[in-house]
Undergrad: 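One structure coming up, written as structure tokens, with questions to follow.
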Amino acid sequence: MTLENLSLPRILVTGAGGDSAIGVIKALRKASNSYVIYAVCIDKNSVGLKMADYQAIVPPVSDVSEYVSSLIELINRESINILIPTIDSEMIIISEFQNRFNEETKCKIIIGKYSDMLMCSNKQATSEYLDSIEINQPRVIVGEEGVRLALYDGFDIIAKPRFGGGSKGIHFLSVDDLAVDGWFNNTFIYQEFERYSKEITSVVLKDDNKIVGCAVFERVLSNGRTVWCKRIPEHDYSDLLTDIARGLDIPYINIQFGITTGGRVSVFDINPRFSGSTSVVAKVFNGPELLVEKYLTGSMPEFTPSTRFFESARYYDDWIYNER
């Protein structure tokens, strides 16, 4: 490490194999401030590891005790200033163990309150939260008989794992599935599938209880990933985003919703973390940098979101490394 780097803040990004971590690292590389970036993953071939200044392999998150201990050991050994977790399953664990990190390290964690993180990670709890604040969402079908009747009535039904993020494990049901034993699973939430004329992803940045930034994008998904997006004006959705975000003690929130052919807005997911599109959002405001500086200094830097509108296609560039 150079003498110059010794004085720079050290940022640890977890889950380097995932789109979210890659988005965070790209955003930090675009920042006006310089950082030394550490990345960890369970797979030595993870792309995010190659994008960081320093890399390490950690145990699987399924071994909670060993995983937490390995992070604490790395943080103390390398004098890490800021920890940015990016994987859904580990974020719940790190949020739950925040007190231990606070007691055993000097590192600060960019993460939300445990109860709110847990609520966003449980799709049933998310649905109940949206109901409590009267936000439109796809209709939830309750119980095995309710799902059966909905299918017989011709409704399209989508099954989502209650726990987990993104599109993992989501699948459609048809009447033919009813003939298969065990088709109904209590660990899933069942909703009427809505067809959208547009699908929207949005980001809300918070400074404690204050909402300080919003960015909204129309998007196209492929295999659960945003492959194209276009920034659109946020003012049409500012009330919606404010209603959802103000009740959550989470610094950076992804809120995903669709516009039905009739113009109805329907919210279908809340993610309490950065996403793979974070580096694109950074063209509006750089969430990772702003939060890093807030956690380092105790106050959010003043910033003005960009007024430029643009489109973005992901996976245009390949990251070339170790070339000889």
Undergrad: With rounding to the nearest 0.5 angstrom, report the OG1 to CD1 distance, T14 to I109.
TA: 10.0 Å
Undergrad: Between R162 and F188, is there a donor-acceptor pair closer than 3.5 Å when you use the side chain of the first and the backbone of the second?
TA: yes
Undergrad: Do R219 and Q256 pass the side-chain contact (heavy atoms from CB on, under 4.5 Å) test, and can you show the C-alpha distance, the side-chain angles, and the key distance before you say yes or no?
TA: CA-CA 10 Å; R219 72 174 184 180; Q256 298 169 16; 3.1 Å; yes
Undergrad: Please check if the side chain of S46 supplies one atom and the backbone of G48 the other of a donor-acceptor pair under 3.5 Å.
TA: no
Undergrad: Find out whether F184 and L178 are in side-chain contact, i.e. whether some heavy atom of one side chain is under 4.5 Å from a heavy atom of the other.
TA: no
Undergrad: Side-chain donor-acceptor pair under 3.5 Å between Q55 and Y38, yes or no?
TA: no
Undergrad: Apply side-chain contact (heavy atoms from CB on, under 4.5 Å) to the pair I57 and L49, showing each step before the final yes or no.
TA: CA-CA 9 Å; I57 305 302; L49 293 181; 3.9 Å; yes
Undergrad: Distance only, no hydrogens: is a donor on one side chain within 3.5 Å (strictly under) of an acceptor on the other, for Q137 and S266?
TA: no
Undergrad: Would a distance-only check, ignoring hydrogens and angles, find a side-chain to backbone donor-acceptor pair under 3.5 Å from S69 to S65?
TA: yes
Undergrad: Does the side chain of P305 come within less than 4.5 Å of F303's, by heavy atoms?
TA: yes
Undergrad: Does L296 reach the side chain of V292, with side-chain heavy atoms less than 4.5 Å apart?
TA: yes
Undergrad: For residues E90 and I87, determine if any side-chain heavy atom of one lies less than 4.5 Å from a side-chain heavy atom of the other.
TA: yes
Undergrad: Quick one: does V204's side chain get under 4.5 Å of N254's, heavy atoms only?
TA: no
Undergrad: Can you pull the side-chain hydrogen bond (donor to acceptor under 3.5 Å, both in side chains) pairs that have at least one residue in residues 101-110, sequence neighbours excluded?
TA: R100-E104
Undergrad: With a 4.5 Å limit on heavy-atom distance, are the side chains of F274 and I84 in contact?
TA: yes
Undergrad: Please tell me whether R273 and S20 have a donor and an acceptor in their side chains that are separated by less than 3.5 angstrom.
TA: yes
Undergrad: Rounded to the nearest 0.5 Å, how far apart are CD1 of I259 and CD of E218?
TA: 9.0 Å
Undergrad: Should the pair R231 and F217 be classed as cation-pi, given the thresholds of under 6.0 Å to the six-membered ring centre and 45° from the axis?
TA: no
Undergrad: Between Y67 and L71, does a side-chain contact (heavy atoms from CB on, under 4.5 Å) hold up when you go through it step by step?
TA: CA-CA 6 Å; Y67 181 77; L71 284 184; 3.5 Å; yes
Undergrad: Any heavy-atom pair between the side chains of I11 and L28 that's under 4.5 Å?
TA: yes
Undergrad: Can R139 and E192 be counted as an ion pair, charged N to O under 4.0 angstrom?
TA: yes
Undergrad: Without swapping roles, check the side chain of Y190 against the backbone of N185 for a donor-acceptor pair under 3.5 Å.
TA: yes
Undergrad: Return the OG to CD1 distance between S202 and I244, rounded to the nearest 0.5 Å.
TA: 7.0 Å
Undergrad: Charged N to carboxylate O below 4.0 Å: is that the case for D249 and K206?
TA: no
Undergrad: Once you round to the nearest 0.5 Å, how far does CD1 of I111 lie from CG of D116?
TA: 11.5 Å
Undergrad: Please tell me if the side chains of M300 and Y295 come closer than 4.5 Å, counting only heavy atoms from C-beta onward.
TA: no
Undergrad: For residues 283-305, pull every pair meeting salt bridge (Lys or Arg N to Asp or Glu O under 4.0 Å), keeping only residues two or more places apart or in separate chains.
TA: D207-K294, D208-K294
Undergrad: Can you tell me if S95 uses its side chain to pair, donor with acceptor, with the backbone of Y114 under 3.5 Å?
TA: yes
Undergrad: Could you check whether any side-chain N or O of R148 sits under 3.5 Å from a backbone N or O of G143, counting only pairs where one atom can act as donor and the other as acceptor?
TA: no
Undergrad: Verify side-chain contact (heavy atoms from CB on, under 4.5 Å) between C107 and N81, making sure each step is shown before the conclusion.
TA: CA-CA 5 Å; C107 180; N81 302 108; over 6 Å; no
Undergrad: So, T226 side chain and W228 main chain: donor-acceptor pair closer than 3.5 Å or not?
TA: no
Undergrad: Aromatic contact between F257 and Y196, with the criterion being ring centroids under 6.0 Å apart: yes or no?
TA: no
Undergrad: Kindly confirm or rule out a cation-pi arrangement of R10 over Y54, judged by NZ or CZ under 6.0 Å from the six-membered ring centre and within 45° of its axis?
TA: no
Undergrad: Just wondering, are more than 12 heavy atoms of other shown residues or ligands nearer than 6.0 Å to CZ in R308?
TA: no
Undergrad: Once you round to the nearest 0.5 Å, how far does CZ of F268 lie from CD1 of I255?
TA: 11.5 Å
Undergrad: Counting N and O atoms only, with roles assigned by atom type, does the side chain of D177 sit under 3.5 Å from a partner on the main chain of S174, one being a donor and the other an acceptor?
TA: yes
Undergrad: Taking atom CG of L118 and atom CZ of F163, what is their separation to the nearest 0.5 Å?
TA: 6.0 Å
Undergrad: Using only atom types and a distance under 3.5 Å, with no angle test, would you say the side chain of Q98 pairs donor to acceptor with the backbone of G112?
TA: yes
Undergrad: Does D153 have more than 12 heavy atoms from other residues, nucleotides or ligands lying within 6.0 Å of its CG?
TA: yes
Undergrad: Under a 3.5 Å distance rule, please check whether S312 uses its side chain to pair with a backbone N or O of V280 as donor and acceptor.
TA: no
